[in-house]
Protein chains: 2
Amino acid sequence: MSVENWLTEFRSQGYRLTDARRAVVETVAKSPRALTPAEIHDLAKEQYPKLGLVTVYRTLEKLEELNLVQRVHQEQGCNAYLAHAEGHQHLLICQKCKKAVYFDGDDLNASFAKVGEKHGFIVQEHWLQLFGICEECRENE
Amino acid sequence: MSVENWLTEFRSQGYRLTDARRAVVETVAKSPRALTPAEIHDLAKEQYPKLGLVTVYRTLEKLEELNLVQRVHQEQGCNAYLAHAEGHQHLLICQKCKKAVYFDGDDLNASFAKVGEKHGFIVQEHWLQLFGICEECRENE
DNA sequence: TCTATAATTGAAAATGATTTTCAAATACTC
DNA sequence: GAGTATTTGAAAATCATTTTCAATTATAGA
Ligand SMILES: [Mn+2]
Ligand SMILES: [Mn+2]
Ligand SMILES: [Zn+2]
Ligand SMILES: [Zn+2]
């Protein structure tokens, strides 16, 4: 989903379009990796220097509510945000450059249900993330 | 691993055995679900009323270092602690009573590697949690 | 058992991330 | 363009976690 779509989505929910929001949205939408609120603030200020950190938090809250971003959990912290993929997807994250790639793991659902069954559970959701090293990072030795 | 083993492990690392630590360790070891530091504090105080919250944090830090507990990440928060399983295991968590059960997902590793390959990644770690409703909770209507 | 000592404790203060408050600025409707 | 409700950033408040510190305690050794 493009930046323009995000902003349109914003408008159609009755939210106003401001320079501050534009800067936050564009920063998150363009980033190949999950960013913390503080990182978003730093980056987005290059585009809109007046931007306050509070507005970053407030905008992320709305983006999350509209399902345009998702929070990414990692060993180093659980408060980084990434553009959301369409539908149900999972993340593959490079441990070196932090780049995040989505994949669908639909073929795993049967296995998950079976694991649950074995323990008397009916599985309703799952949470899966893979970590590794991307091609680019392997090449740059 | 039993409570006594945990305490022995503690001692063998040169740490002293105190009533405060005993209370924290027993609380976490006995719990069927992941607990936050504040919850541990509340529960362990029944056994050792003088217990300070600081000591809960400090004891958890050591338990984590000794690999006796692990931090559990959930939608509601990422700071709950659970007795660790032996070796590499994954969690199946009841959405109603929060009970946590470990399972090994070794048969999934090949699938994970394949997903990575498709995107140029060499997968080195993964993070998997299943959520559902346990048998007991389904029975109690 | 008693003593010496280093580890551990809890209270209080400090920190750091996030949230709330509020008056000024602004985006959008008419 | 004017009127109004929304949004803003600064500052204050909050909340979880960490640090500081003087008092307490566990343990090794006499
Ligand atoms: Mn899936
Ligand atoms: Mn596994
Ligand atoms: Zn990489
Ligand atoms: Zn249950």
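Chain letters run A, B, ... following the sequence lines, proteins first, then strands; residues in each count from 1.
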Quick one: pull up CD in B:Glu139 and SG in B:Cys134 and give me the separation to the nearest 0.5 Å.
8.5 Å
With sequence neighbours excluded, residues passing ring-ring contact (aromatic ring centres under 6.0 Å, His included) with B:His126:
B:His88, B:His90, B:Phe112
Side chain of A:Arg21 only, heavy atoms from C-beta on: which candidate in D:dT7, C:dT9, D:dT19 is closest?
D:dT7
Contact nearer the 5' end of DNA chain C, comparing B:Gly14 with A:Pro37
B:Gly14
Below 4.0 angstrom, which residues in residues 58-65 of chain A have at least one non-hydrogen atom near DNA chain C?
A:Arg58
Please collect all salt bridge (charged side-chain N to carboxylate O under 4.0 Å, His left out) contacts where either partner lies in residues 38-50 of chain A, sequence neighbours excluded, each pair once.
A:Arg33-A:Glu39
A:His41 NE2 to C:dG16 P, in whole Å, measures 18 Å
I need the CD-P distance between A:Glu39 and C:dA17, as an integer number of Å.
12 Å
Can you list, pair by pair, the side-chain donor-acceptor contacts under 3.5 Å of residues 74-85 of chain A, counting residues two or more places apart and other chains?
residue: A:Gln76; atom: OE1; partner: A:Lys98; partner atom: NZ; Å: 3.4
residue: A:Tyr81; atom: OH; partner: A:Arg71; partner atom: NH2; Å: 3.2

If the threshold is 4.0 Å, N to carboxylate O, is there a salt bridge linking A:Glu136 and A:Lys96?
no
Euclidean distance, atom CG of residue B:Asp42 to atom P of D:dA16 [Å, nearest integer]
12 Å
Residues passing the ring-ring contact (aromatic ring centres under 6.0 Å, His included) test with B:Tyr102, sequence neighbours excluded, are none
With rounding to the nearest 0.5 angstrom, report the CD1 to CG distance, B:Ile133 to B:Asn140.
11.5 Å
Rounded interatomic separation in angstrom, taking CZ from A:Phe10 and C1' from D:dT6:
12 Å
Could you write nucleotides 24-30 of chain C as a row of B, S and -, 5' to 3', where a protein heavy atom under 4.0 Å of any base atom gives B, of only sugar-phosphate atoms gives S, and otherwise -?
--BBSS-
Rounded interatomic separation in angstrom, taking CG from A:Leu53 and P from D:dA12
16 Å
Could you state the interatomic distance from CZ (A:Phe10) to CG (A:Leu63), rounded to the nearest 0.5 Å?
5.0 Å
